[in-house]
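Order of appearance sets the numbers: ligands from 1, and atoms from 1 within every ligand.
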Amino acid sequence: MSEDDSDSDRAAELSAQIRAHNEAYHSRDNPSVSDAEFDALLRELIAIETRRPDLVVEDSPTRAVGAQPSQMFAPVEHDVPMMSLENAMDFEELEAWHERMVKGLDGLREFRVVCELKFDGLAVSIRYENGKLVQAATRGNGRVGEDVTHNVLTIDQIPHRIGNAPDLVEVRGEVYLPVSRFEELNREQIKKGEAPYVNPRNTAAGSIRQKDPSVTKDRKLSFWSYQLGQVIGGPEMTSSNDTFQLLQSLGLPVNPEVREYSDFDDVKAFCELWMSKRHDPDYEIDGVVVKLADLSHRDLLGSTSRAPRWAIAFKFPPEEKTTRLLDIDVSVGRTGRVTPFAILEPVFVGGSTVSMATLHNEDQVAAKDVRPGDVVVVRKAGDVIPEVVGPVTSERTRDSEAWRFPLYCPACGSRLERVAGDANTYCVNRACSARVETGISHFTSRNAMDIEGLGERTVGALVSSGLVSDVGDLFALNKNALLDLLVSDSSNETLVNNLLNSIDQARLRPLPNVLIGLGIEHLGPSAAELIARKFGNLERIANAGLDEIESLDGIGPVIAKSVADFFSDSHNKLVIEKLQLNGVRLDVLEGEVDAPQVLEGKSVVVTGSLEGWFVTRDEAKKAIISRGGKSPSAVSRSTYALVLGADAGQSKVDRAESLGIPIVGEAQLRTLLERGELS
Ligand code: IVH
């Protein structure tokens, strides 16, 4: 593979991962990776794009802020975009930012910067017209957020009316859940026998995105304001201090820990200080935001499409705690990969209790030299994925021994294999019960075939009884056999009926879901969709050669090879035959098949809500993309047309007009989709 190819493949891969994590974090309030890992992915993509500007695509996640707003709340277009912040992960990066400021300010060395705490909550923009709170919106993708007015109105610290107010003022800041309230809520959850919340940030985000404002009110959220959006008829302002004074005079909560400095050493000292007492306040902070204080300096530096150049977030390093490593165990996944993991004495770190952590592979355990019984350092970068950093060797007893990777599979007893050049160890026995069981659980999961009623225990029973040895067998199960297997009380008949119903329905799942369910390595949802559309049925995919798969636009060599390898395997062929025989639909229905690519190379922006042919804007976008076009959210020079729906914001219209881009309605979108051009 040439370097060109590998850059572009990696950029596409990173973009897809970042989008998925963004979606999980912002739209579902349920992060799928830690902040640090997310930052690492984003930085890698930025590095590639800096080196290879030709690879920057219009909708690159490096250009976007957050995720697309969900459909749950009405969209709100931000006239002044709500931007993100660039991160500095250490002092070196913070100093590099400072140097960029010196340069940007024409060599000026004496300028004031303001240091603020970086609140780990949810950014909102609150709009007051003639002193009355009329709208509150989340950041969303930075340009379009979600209308959460009713929920924001339940926050005590946010005034519904403000005196002496400008004609229009947008107050921006962070909604957060006080740590004490978070702990209290969790005590209540546990009392009710429900799962505790993960961390204050996500609980705050989940609370603000409730359909029922009384639920939001009960959570007792709070707010810090730190910025202004649009202001009309306000006082003259020249500095950050003026901004805070205005916010304060309007009765909005302003955090007291704001300092202005002109000596950069003081800035670093402020960061150090708060790093050491980050847990002192009753709100979570994950860094310090450093901004130029003088508003004219900010204007001079300006912004990129994602973040202002005049500010940077100094991120605290991930929090670390020590605990006892009780044992190391291994789990066997559906591909046969054997993963060691740490069983820990539960420890509260980075906002949640950790009792297990992956150790990745044999080399990682050896490199860290962690041993059962050790006191270990555990880290959690703000959110979800815990990590064992290493042992505290000074606390190790003399008789401690290095851990050895098991030689035999704990599930089936076959000898484990590890080949040179691969850090992973595998159980290569395809019939291994652990592999089969995890494979079935993956197949039945929500994103794949969505079969309900197959919990871990039932799957275990099906496999150990020999009724099911691969996913193909699921569709041959009959009621009597299931009753025999699962019978223990009378309620089982209903369970069995429900399960059989669910399996029956799964026969009709779309082809991409089947592909995902089969667990082909590297194949994610969008590639599965693309391959399904292009080939039309499973048989054609299975018979396609590597070249044919690789020639598809959007499918890189790694995915192509993995797909081709999967279908050339004789065992997999057998499974597919079973699926076919047992009546699983393995083709793409009419309407899901590729439309003619009439919009190839054209970019069509859709704004406002559509009501005629398309039920949602998303569907219109999908229709454009399925015809080879692009449908980014912003109007640019390369936009072919702007499709205007009801209640669209003015900013896109203005921009399209100023660039001379045709503005059309829904009827003309139909023409565009059919002919690829406007009539
Ligand atoms: S200023 C134009 N100040 O951090 C940039 N943001 O990672 C506006 N945040 O979107 C942001 N504390 O949600 C600013 N003191 C603070 C902040 C802060 C937390 C959040 C904000 C922003 C995110 C970027």
task = List the steps, then state whether side chain to side chain donor-acceptor pair (under 3.5 Å) holds for E174 with Y226.
result = CA-CA 8 Å; E174 207 82 355; Y226 49 68; 2.6 Å; yes

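- For a threshold of 3.5 Å applied to N or O pairs, the pair formed by V289 and ligand 1 contains no separation below that value.
- Between L117 and ligand 1, at least one N/O pair is under 3.5 Å apart.
- By the side chain to side chain donor-acceptor pair (under 3.5 Å) test, R187 pairs with no residue at all, sequence neighbours left out.
- At least one N/O-N/O distance between R139 and ligand 1 falls below 3.5 Å.
- Near Q227, meaning under 4.0 Å from any of its heavy atoms, are these atoms of ligand 1: 2 (C), 8 (C).
- Heavy-atom contacts from other residues, nucleotides or ligands closer than 6.0 Å to NZ of K321 number more than 12.
- Within 6.0 Å of CG in N164 there are 12 or fewer heavy atoms belonging to other residues, nucleotides or ligands.
- In this comparison of R172, E116, M83, K118, the heavy atom closest to atom 4 (O) of ligand 1 sits on K118.
- Contact annotation: P308 has at least one heavy atom less than 4.0 Å from an atom of ligand 1.
- Considering backbone and side-chain N/O of K291, one or more are found under 3.5 Å from N/O of ligand 1.
- In terms of polar-atom proximity, defined here as any N/O pair under 3.5 Å, E174 does make such a contact with ligand 1.
- Residue L122 does not touch ligand 1, judged by heavy-atom distances below 4.0 Å.
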key: salt bridge (charged side-chain N to carboxylate O under 4.0 Å, His left out) assessment of E93 paired with K315   = CA-CA 10 Å; E93 292 185 1; K315 295 283 279 262; over 6 Å; no

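- Contacts between F119 and ligand 1 below 4.0 angstrom, taking non-hydrogen atoms only, involve backbone and side chain alike.
- E129 has no carboxylate O lying under 4.0 Å from a charged side-chain N of K132, or vice versa, which leaves the two without a salt bridge.
- Atom 11 (C) of ligand 1 has its closest protein heavy atom at Y226 CE1, 4.0 Å.
- Inspection of the D120 and Y283 side chains reveals no N or O donor paired with an N or O acceptor under 3.5 Å.
- In this structure, K268 fails the cation-pi test against Y261, since its NZ or CZ atom is not both closer than 6.0 Å to the six-membered ring centre and inside 45 degrees of the ring normal.
- Of the protein's non-hydrogen atoms, L85 CD2, 3.7 Å is the one closest to atom 5 (C) of ligand 1.
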